[in-house]
Amino acid sequence: MKKISILFVCLGNICRSPAAEAIFIDLVNKKGLIDKFIIDSAGTGGWHIGKLADKRMRIAAERRGINILSRARQIHTKDFEKFDYILAMDNSNFKNINDFKKRESLSNFASIKKIQDFRSLFKEQEVPDPYFGGDEGFDYVLDILGDSVCGFLESIS
Ligand code: 4NP
């Protein structure tokens, strides 16, 4: 059976989207569904290409038993063909992804959505960028994503 492919996207691909990717991997692993998915993340910007996720995010996730292993990469044209879903962390990412698609005249294959459209417990319509803030911001992003990533899985199940 064809796997469902999901790409989580933020700005730098070192805080929010690698966390969303790792949380989703953890979730589907626990449900015995990992073989049904291709899961990845990327950034709209390219400043951190090749880097591990921000240490503050990796430590916050590790405290919850979640390992963030991915290396940063930038979104590219092939992602729009490869992935069934491209999930943006905030409105700016969402706009940048759609602008990129328009600029490159890409086909309409991937369904581009905002991850917070799948939230149920939290009111935030965007995942806040924790990069320039304190450590508590990373925990809050993990809380928000735990909720919305679960909602996304339910929406496609
Ligand atoms: P992210 O956070 O988009 O969640 O990975 C950021 C990481 C780095 C920068 C901005 C946001 N930066 O400006 O370098």
Side-chain angles (χ1 to χ4, degrees), residues 4-29 37-80 82-104 106 110-153 155-156:
I4 301 169
S5 50
I6 301 156
L7 182 69
F8 296 95
V9 177
C10 61
L11 175 59
N13 193 213
I14 56 168
C15 297
R16 293 165 293 174
S17 62
E21 175 189 0
I23 290 170
F24 194 80
I25 289 171
D26 183 63
L27 179 65
V28 294
N29 247 328
F37 293 95
I38 294 169
I39 306 157
D40 197 0
S41 68
T44 56
W47 311 282
H48 301 286
I49 290 171
K51 285 194 205 157
L52 284 171
D54 188 299
K55 197 168 183 182
R56 295 166 294 176
M57 184 56 93
R58 282 186 283 130
I59 288 171
E62 268 165 30
R63 279 200 299 267
R64 299 173 185 219
I66 294 171
N67 291 318
I68 303 180
L69 304 172
S70 61
R71 297 260 173 190
R73 74 170 179 86
Q74 193 168 16
I75 193 168
H76 54 73
T77 53
K78 287 215 162 27
D79 291 325
F80 291 79
K82 175 174 176 185
F83 289 94
D84 297 309
Y85 297 97
I86 297 180
L87 298 175
M89 298 294 119
D90 65 25
N91 293 339
S92 166
N93 308 148
F94 183 75
K95 181 178 186 307
N96 288 336
I97 294 163
N98 280 296
D99 288 351
F100 180 83
K101 181 180 149 183
K102 203 183 271 180
R103 211 168 44 241
E104 301 284 334
L106 300 172
S111 171
I112 303 166
K113 293 176 182 293
K114 297 177 207 170
I115 189 67
Q116 285 308 94
D117 288 350
F118 301 96
R119 72 193 187 280
S120 60
L121 303 174
F122 288 81
K123 68 179 187 319
E124 280 77 2
Q125 294 181 12
E126 304 180 88
V127 182
D129 185 348
Y131 187 66
F132 294 107
D135 287 352
E136 69 287 352
F138 291 83
D139 270 313
Y140 190 49
V141 164
L142 292 170
D143 290 341
I144 290 175
L145 285 172
D147 174 44
S148 48
V149 153
C150 244
F152 173 72
L153 180 60
S155 82
I156 58 169

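Counting starts at 1 for both ligands and their atoms, following the listed order. Just so you know, residue 1 is the first one in the sequence shown, and it goes up from there. In what follows, every heavy atom counts, from backbone to side chain, and hydrogens, waters and symmetry copies are set aside.
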message: Residues around ligand 1, heavy atom under 4.0 Å from any ligand atom, sorted by chain and number. Can you pull those?
response: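 Correct list: C10, L11, G12, N13, I14, C15, R16, H48, D129, Y131, F132.
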query: Heavy-atom distance under 4.5 Å between the side chains of R16 and D129, does that happen here?
result: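 Side chain of R16 against side chain of D129, heavy atoms only: contact under 4.5 Å found.
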- prompt: Quick one: OH on Y85 to CD1 on I156, what's the gap to the nearest 0.5 Å?
  reply: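 It is 5.5 Å, given to the nearest 0.5 Å.
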field: Modelled atom types, side-chain donor and acceptor of D147 and S120, under 3.5 Å
entry: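 Yes.
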message: Less than 3.5 Å apart, any donor N or O on the side chain of D90 or N93 sitting next to an acceptor on the other?
response: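 Present: a donor and an acceptor within the cut-off.
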message: Which label fits F118 and F152: parallel for a plane angle under 30°, tilted from 30 to 60°, or perpendicular past 60°?
response: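 The arrangement is perpendicular - the two ring planes meet at more than 60°.
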- request: Establish, for the pair R58 and F138, whether the NZ or CZ atom is under 6.0 angstrom from the six-membered ring centre and no further than 45 degrees off its axis.
  value: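 The answer is no; the distance or angle limit is not met.
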